[in-house]
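Written out below as C-alpha cells is the structure these notes cover.
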Amino acid sequence: MTNFIKNPKKSFQDKVFYVVRQIPKGKTLAYKQVAKLAGSPKAFRAVGNILNKNYDPAIPCHRVVRSDGKVGGYNRGVEKKKKLLEEEKKES
DNA sequence: CGTATGACGTGCA
DNA sequence: GTGCACGCCATAC
C-alpha cells in the first residue's frame with residue numbers, strides 16, 4: 001500500500017456493496033440478482049469474487065445466496081451464515 | 001496485455 | 001434428482 005488512502009475505485013464492487021446493503025433483513029438475494037442490480041446480469045461470478053475478497057461488516061453478504069437456494073459460502077464460515085439467515089428469517 | 005482464480009449459473013448425461 | 005463440465009464477468013499478478 002503506497003498510499004494510506006484507499007482507492008475510490010468506482011467499480012463493480014461499489015455497485016455490489018450498494019445493492020447488498022439494500023437487502024432487507026430476513027430476505028436473501030441471489031448472486032445473479034445482485035449482479036443484475038449492479039448492472040451486469042452476467043457478472044454473478046465477479047459478485048461472489050468481490051464479496052469473497054472484500055468482506056465488510058456493513059455489508060450483509062450473508063444474505064446473498066445461490067440461485068439454487070444454497071448458502072454458497074461465507075468468509076466467517078458457512079455454518080455461521082446459515083444460522084444468521086435462519087435467525088433473521090424467523091425474526092422477519 | 002495475457003493468464004489465472006473464484007462465495008456462480010445453466011445445460012446435459 | 002444428482003453430478004459433471006463449460007461459460008461468464010471482474011480482479012489480481
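Keep in mind that this is a model prediction, so the values were computed, not measured. Atom set for the values below is all heavy atoms of this structure, side chains included, hydrogens, waters and symmetry mates excluded. Order of the sequence lines sets the chain letters (A, B, ...), proteins ahead of strands, with each chain counted from 1.
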Fill in: For DNA chain C, the residues among residues 17-24 of chain A that have a non-hydrogen atom under 4.0 Å from it
none
Shorter than 3.5 Å, N or O on both sides, protein versus nucleotides 1-4 of chain B: list them out with atom names.
none

Worksheet entry | Pairs satisfying salt bridge (charged side-chain N to carboxylate O under 4.0 Å, His left out), at least one member in residues 50-67 of chain A, at least two apart | A:R63-A:E88, A:R66-A:D68
Worksheet item: Which pairs count as salt bridge (charged side-chain N to carboxylate O under 4.0 Å, His left out) when at least one residue sits in residues 19-31 of chain A, sequence neighbours excluded?
Response: A:K25-A:E91
Discussion item. Among residues at least two apart in sequence or on other chains, which ones pass side-chain hydrogen bond (donor to acceptor under 3.5 Å, both in side chains) with A:Y18?
Written reply: none
Practice prompt. Please name all residues satisfying side-chain hydrogen bond (donor to acceptor under 3.5 Å, both in side chains) with A:K82, sequence neighbours left out, ordered by chain then number.
Written response: none
Discussion item. Please give me every residue in residues 78-85 of chain A whose heavy atoms get under 4.0 Å of an atom in DNA chain B, ordered by residue number.
Written reply: A:K81
Using a cutoff of under 3.5 Å, can you pull out all pairs of nitrogen or oxygen atoms linking the protein to nucleotides 9-13 of chain B, with atom names and distances?
from   : atom 1 : to    : atom 2 : distance (Å)
B:dG9  : OP1    : A:S67 : N      : 3.0
B:dG9  : OP1    : A:S67 : OG     : 3.3
B:dG9  : OP2    : A:R66 : NE     : 3.1
B:dG9  : OP2    : A:S67 : N      : 3.3
B:dG9  : O3'    : A:K32 : NZ     : 3.3
B:dT10 : OP1    : A:K32 : NZ     : 2.4

Worksheet item: Is there a donor-acceptor pair closer than 3.5 Å between any side-chain N or O of A:N52 and the backbone N or O of A:N75?
Response: no
In a table with atom names and distances, give each donor-acceptor pair under 3.5 Å that connects a side chain of residues 31-43 of chain A to protein atoms at least two apart or in another chain.
from  : atom 1 : to    : atom 2 : distance (Å)
A:Y31 : OH     : A:V64 : O      : 3.4

Worksheet entry | Nucleotide nearest A:S11 when distance is taken to its side chain, options B:dG6, B:dA7, C:dT11 | C:dT11
Worksheet item: For A:Y55, which fellow cluster members are found when Ile, Leu, Val, Met, Phe, Trp and Tyr are connected by side-chain heavy-atom distances below 4.5 angstrom, either directly or through intermediates?
Response: A:Y74, A:L84
